Amino acid sequence: MGALNEKRIADYLAAQPQEQIISLKGWVRSKRGNKDIAFIALSDGSTIKTIQVVAELNQFDENLMKRVTTGSSILVKGKLVASQGAGQTVELLAEKIEILGDCDPEKFPLQKKKHSLEFLREIAHLRPRTNTFGAILRLRHAMAFAIHKYFNDNNFYYIHAPIITGSDAEGAGEMFRVTTLPAENAPKNESGEVDFDKDFFGKEANLTVSGQLESELAALALSKVYTFGPTFRAENSNTTRHLAEFWMIEPEMAFFELEDNMDLAEDFLKYLIRYALDNCRDDLDFLEKRQQEEELQMKKEDRSSMPLIAKLEHVLAESFERLTYTEAVGILEKSGKKFEFPVSWGVDLQSEHERYLVEKHFKKPVILTNYPMQIKAFYMKQNDDGKTVRAMDILFPGIGEIIGGSQREEDYEKLSKRIDEMGIHRDSLWWYLETRQYGTVPHAGFGLGFERLMLFVSGMGNIRDVIPFPRTPRNLEF
RNA sequence: UCCUGAAUAGCUCAGCUGGUUAGAGCAUCUGACUGUUAAUCAGAGGGUCCGGGGUUCAAGUCCCUGUUCAGGAGCCA
C-alpha cells in the first residue's frame, strides 16, 4: 500500500479509536506540555481540525523532541486511542516520531497566534498552512467541483475557450498583450508602428477577457455548454473585488431566453451555496467564527448583518427579486436618499445604488434586467422599445455584481447594425456574425466571477484572500 | 487612476503640544508545572522607528519627496 491509499487525519478523526496502530504525516501546528508529556497539534490539510499527538517524554530523545516545532513536518506512528482530555474524542498516542523536515522557530514567520490577512498576503507561499487559507482552499476546491457537477448533471458540455485571443472587440476591459517580439527595438512598419505581422501569430494577440464569444459558437451546436477558466483584465483596479487574473464560469445556452437565463442563474447559485453548506461545514463554521472575531474591531454599521451560515441559509430561502432597470431607477428616485451620484434613467448604476437596492430595500439578491442599450455591450438582444437590451445583472449583498449576462442578439441585421454604431471593427468578428447567418437561434448566457462567489460563500472581505496567488497591479510575487 | 489613511521588535500595536538610554501584548529562547486545548507562571534575548532630503540646539514625532500597503471610488466578474 503506497501513499495513494494512506488515510488522512480527517479519516482517523472520524474513526473508532480501538488502539489500532496507525501512522500519520503532517505539519506541526503547535506543541505544548510539561517535562513529562507533550501535546502536538498535527495537520495534514485534510480538515480544519488537527489531531492531537500525545508523546510521553520518557520514551523520546530530548533532542528529537526539540526539533518538533511549529511548522516542522513529522511522521508519527502510534495507537489511535480515545482522548483523556476534553476538546477532542480521539488522539494519537505516539510510539515513534520521525522528523521529516526541520523548521527553525526563530525564522518561521507563522506563529501559533493570529496573523493579519495583510501580513499573510506577503507570505502567500506559506499561508496555505494557516487555518483560514486551508479552509478557503478546501472550500474553493469544493465550489469548483460543484460547478462541474451541476453542469454535468444538467446536460451541459464543458468547453475550453482559448486563453489567447486575436479579437480585441470584446469590450470587457483593457487587455494584456501576448507577444514574442523583443521588448526593445520591436520591428516597425512603414508608418512607424509596431509591426505585428512579425509577431508570433502574425497579428496582435491578447489574453482573453471572456470566453463568451467562443462559447456561443459551441452553444449553437451543442445547445448547452459552459466554460470555466482563467480570465485576464489589465485594468488598474485596486479594490477588494477585482483581480487582474481571475476565474470565470460562463454558461451559454441555445434556445434560452432571458427568463430561462435568470432561472438557471438562480438555481445554479443556490445549488453552489447548498453544496458548500452540505460539504464544507467545518470550514464554514471556522470562517464564520473568524469573521465574527474580525468584525469585533469594526464599527457596528460596517459589520455583517448576519453570521455567515445564517446569511447563506437566508439566500437559499429567498427567491431573488427580479425587476427591470427602469423599475430600479424608480425605486431609487423615490427612496428620498441622497446619493453621491444622482440617479436618472439612462445612467449606469453606481455601487451605492446597487447597495441600496440589495442591502436596504430588498435585503436579498436582486436580478436587474432590461438595461438601457447605451450602457451595455453590442451583443445583447435589443428589446422592441428600441431603448433597452435583454441584459441581466445579479447583485449580491456585500459583493455587488456577481453575475452579468444577457440574452444574445441572434438577428444578423440588428447585430450588424449595432456593431457599426459602436464603432467596433467588424472584420475581427466575421466568424461571430456568420453564426447569425447559418441557422441562428435565440440564446443566452452569463458570466459568474468565481472569486466573487468565493467572497460570498466564505465571508472573506478581500478578493486577494480567496485565490491562492492573487495577481493585482504591482503584485506578481510567488 | 482618483480620494483618505497608514508604515516603530518576528507579528499586532502604543509612543501627547519635538526633549536623555524607544515601550506593551503575543511569538521565540531558558526555567517551573503529572493531560494540555492559541496551556499557565517566572525570566531573558530581540529595533537602520519605510527610503531620501529639509527645519531645529535637539526629530520616531514637524515639513517636502519617493516607495509600499490598506480602505473607499471608477472600470467590471
Side-chain angles (χ1 to χ4, degrees), chain A residues 29-41 49-58 66 69-71 81 83-88 91 93 103-123 130-131 170-174 209-212 230-250 293 297-299 302 340-341 348-352 354-355 375-377 393-396 399-405 446-456 461-467 472-475 477:
Chain A
R29 283 294 175 75
S30 75
K31 184 177 74 168
R32 55 182 175 265
N34 54 45
K35 70 173 193 275
D36 297 308
I37 192 164
F39 301 96
I40 301 160
K49 294 172 182 156
T50 52
I51 194 164
Q52 172 155 285
V53 175
V54 182
E56 286 168 0
L57 293 179
N58 55 16
K66 269 194 178 154
T69 59
T70 298
V81 298
S83 179
Q84 296 173 35
Q88 61 279 319
E91 64 190 23
L93 185 58
C103 185
D104 183 348
E106 297 271 10
K107 292 187 185 147
F108 187 54
L110 290 172
Q111 303 159 353
K112 47 180 182 179
K113 60 164 279 189
K114 203 169 183 252
H115 288 291
S116 68
L117 294 170
E118 291 83 355
F119 174 66
L120 293 175
R121 273 171 224 153
E122 293 169 13
I123 51 166
T130 62
N131 286 333
E170 293 167 48
E174 291 295 311
V209 291
S210 165
Q212 180 199 317
T231 310
F232 306 88
R233 304 273 166 92
E235 302 286 349
N236 191 7
S237 296
N238 294 285
T239 77
T240 53
R241 52 188 192 288
H242 290 87
L243 292 165
E245 177 185 290
F246 63 100
W247 289 68
M248 187 152 65
I249 301 105
E250 293 178 286
E293 280 168 16
Q297 302 150 19
M298 294 165 59
K299 284 179 283 179
D302 293 335
E340 193 189 335
F341 297 89
D348 212 350
L349 297 182
Q350 307 287 324
S351 298
E352 55 173 345
E354 297 180 349
R355 222 177 302 127
I375 59 174
K376 287 294 183 184
D393 283 2
I394 302 190
L395 311 177
F396 260 42
I399 311 290
E401 186 180 340
I402 196 168
I403 277 181
F446 61 82
L448 167 66
F450 186 51
E451 284 77 18
R452 292 203 179 161
L453 172 76
M454 281 296 300
L455 278 180
F456 185 75
N462 191 316
I463 202 162
R464 295 166 196 147
D465 299 328
V466 295
I467 188 168
T472 54
R474 309 201 63 81
N475 181 11
E477 201 71 40

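Letters A, B, ... are given to chains in the order of the sequence lines, protein chains preceding strands, and every chain is numbered from 1. All values derive from a computational prediction rather than experimental measurement.
Distance, A:Arg474 CZ to B:C69 P: 8 Å, rounded to whole Å. Across the protein-nucleic acid pair, A:Glu451 atom CD and B:C76 atom C1' stand 13 Å apart, rounded to whole Å. Rounded to an integer number of Å, the gap from A:Leu117 CG to B:U12 C1' is 13 Å. The separation between A:Glu122 atom CD and B:A6 atom C1' is 13 Å, rounded to whole Å. Between the CG atom of A:Asn475 and the C1' atom of B:U68 there is a distance of 11 Å, rounded to whole Å. Rounded to an integer number of Å, the gap from CG of A:Asn236 to P of B:G74 is 15 Å. Taking atom CD of A:Glu401 as the reference point, atom P of B:A73 lies 14 Å away to the nearest angstrom. The nearest whole Å value for the distance from the CD atom in A:Gln350 to the P atom in B:G72 is 16 Å.
Contact annotation: A:Arg241 side-chain N/O to B:A73 OP1/OP2 distance is under 4.0 Å. A:Arg121 has a side-chain polar atom (N or O) that falls below the 4.0 Å cut-off from OP1 or OP2 of B:A70. Considering only side-chain N and O atoms, A:Thr239 lies nowhere under 4.0 angstrom from the phosphate OP1 or OP2 of B:G74.
When each of B:A73, B:C76, B:G71 is scored by its nearest atom to the side-chain atoms of A:Asn238, the top-ranked nucleotide is B:A73. Nearest nucleotide to the A:Ser116 side chain, out of B:C11, B:A73, B:U28: B:C11. Considering only side-chain atoms of A:Arg452, the nucleotide from B:U1, B:G71, B:A77 that sits closest is B:A77.
Scored by the side-chain contact (heavy atoms from CB on, under 4.5 Å) test, A:Phe108 finds A:Thr70, A:Cys103, A:Leu110, A:Leu126, A:Arg129 as partners (sequence neighbours excluded). Under the ring-ring contact (aromatic ring centres under 6.0 Å, His included) criterion, A:Phe119 pairs with A:His115, not counting sequence neighbours. Not counting sequence neighbours, the partners of A:Phe450 by the ring-ring contact (aromatic ring centres under 6.0 Å, His included) test are A:Phe228. A:Glu451 meets the salt bridge (charged side-chain N to carboxylate O under 4.0 Å, His left out) test with A:Arg140; sequence neighbours excluded. By the salt bridge (charged side-chain N to carboxylate O under 4.0 Å, His left out) test, A:Lys113 is found to be paired with no residue, residues two or more places apart in sequence or in another chain being considered. With sequence neighbours excluded, the residues forming a side-chain contact (heavy atoms from CB on, under 4.5 Å) with A:Asp348 are A:Ile375, listed by chain and number. Residues meeting the side-chain contact (heavy atoms from CB on, under 4.5 Å) test with A:Lys31, sequence neighbours left out: A:Ala38, A:Ile40, A:Val68. Residues forming a ring-ring contact (aromatic ring centres under 6.0 Å, His included) with A:Phe232 (at least two apart in sequence, or on another chain): none. With sequence neighbours left out, the side-chain contact (heavy atoms from CB on, under 4.5 Å) criterion links A:Asn131 to A:Arg29, A:Ile48, A:Phe286.
The separation of B:G15 from B:G47, taken at their C1' atoms, amounts to 14 Å, rounded to a whole angstrom. Atom C1' of B:C29 sits at a distance of 13 Å from the matching atom of B:G10, rounded to the whole Å. The separation of B:A7 from B:U12, taken at their P atoms, amounts to 12 Å, rounded to a whole angstrom. Taking the P atom of each, B:A59 and B:G74 are spaced 45 Å apart, rounded to whole Å. On the C1' atoms, B:A24 is 32 Å away from B:U55, given to the nearest whole Å. Taking atom C1' on both nucleotides, B:U48 is separated from B:A9 by 13 Å, rounded to a whole Å. B:U28 and B:G71 have their C1' atoms separated by 33 Å, with the value rounded to a whole Å. A distance of about 44 Å separates the C1' atoms of B:G45 and B:C3, rounded to the whole Å.
Every stem involving RNA chain B, taken as at least 3 paired positions in a row under the Watson-Crick or G-U wobble test at 3.5 Å, is listed here: B:1-7 with B:67-73, B:10-13 with B:23-26, B:28-32 with B:40-44, B:50-54 with B:62-66.
In this structure, the side chain of A:Arg233 does not engage the main chain of A:Leu243 through any donor-acceptor pair within 3.5 Å. No donor-acceptor pair closer than 3.5 Å links the side chain of A:Arg241 to the backbone N or O of A:Arg452.
Between A:Phe341 and A:Leu243, the residue anchored closer to the 5' end of RNA chain B is A:Phe341, taking for each the nucleotide with the nearest heavy atom.
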Is there any protein nitrogen or oxygen under 3.5 Å from a nitrogen or oxygen in nucleotides 49-52 of chain B, and what are the pairs?
none

Footprint string (nucleotides 29-44 of chain B, 5' to 3'): B base within contact, S backbone only, - free, heavy atoms under 4.0 Å: SS--BSBBBBB-----

Take A:Arg121 and A:Asn462 through the test side chain to side chain contact (heavy atoms under 4.5 Å, CB included) and record every step on the way to the result. CA-CA 11 Å; A:Arg121 273 171 224 153; A:Asn462 191 316; 3.5 Å; yes

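A:Asn462 comes within 4.0 angstrom of sugar-phosphate atoms only, judged by non-hydrogen atoms across all strands, and of no base. Within the nucleic acid shown, A:Thr240 comes within 4.0 Å of sugar-phosphate atoms alone, with no base atom in reach, counting heavy atoms only. Across all strands shown, A:Ser237 has heavy atoms under 4.0 Å from base atoms, whether or not it also approaches the sugar-phosphate.
Using a 5.5 Å limit on the distance between ring centres and a 30° limit on the angle between planes, the aromatic ring of A:Phe450 does not count as stacked on the six-membered base ring of B:A77.
The two atoms that bring A:Asp393 and A:Lys376 nearest to each other are OD2-NZ, 3.1 Å, heavy atoms only.
Side-chain contact between A:Glu340 and A:Gln350: absent, with no pair of heavy atoms (C-beta onward) separated by less than 4.5 Å.
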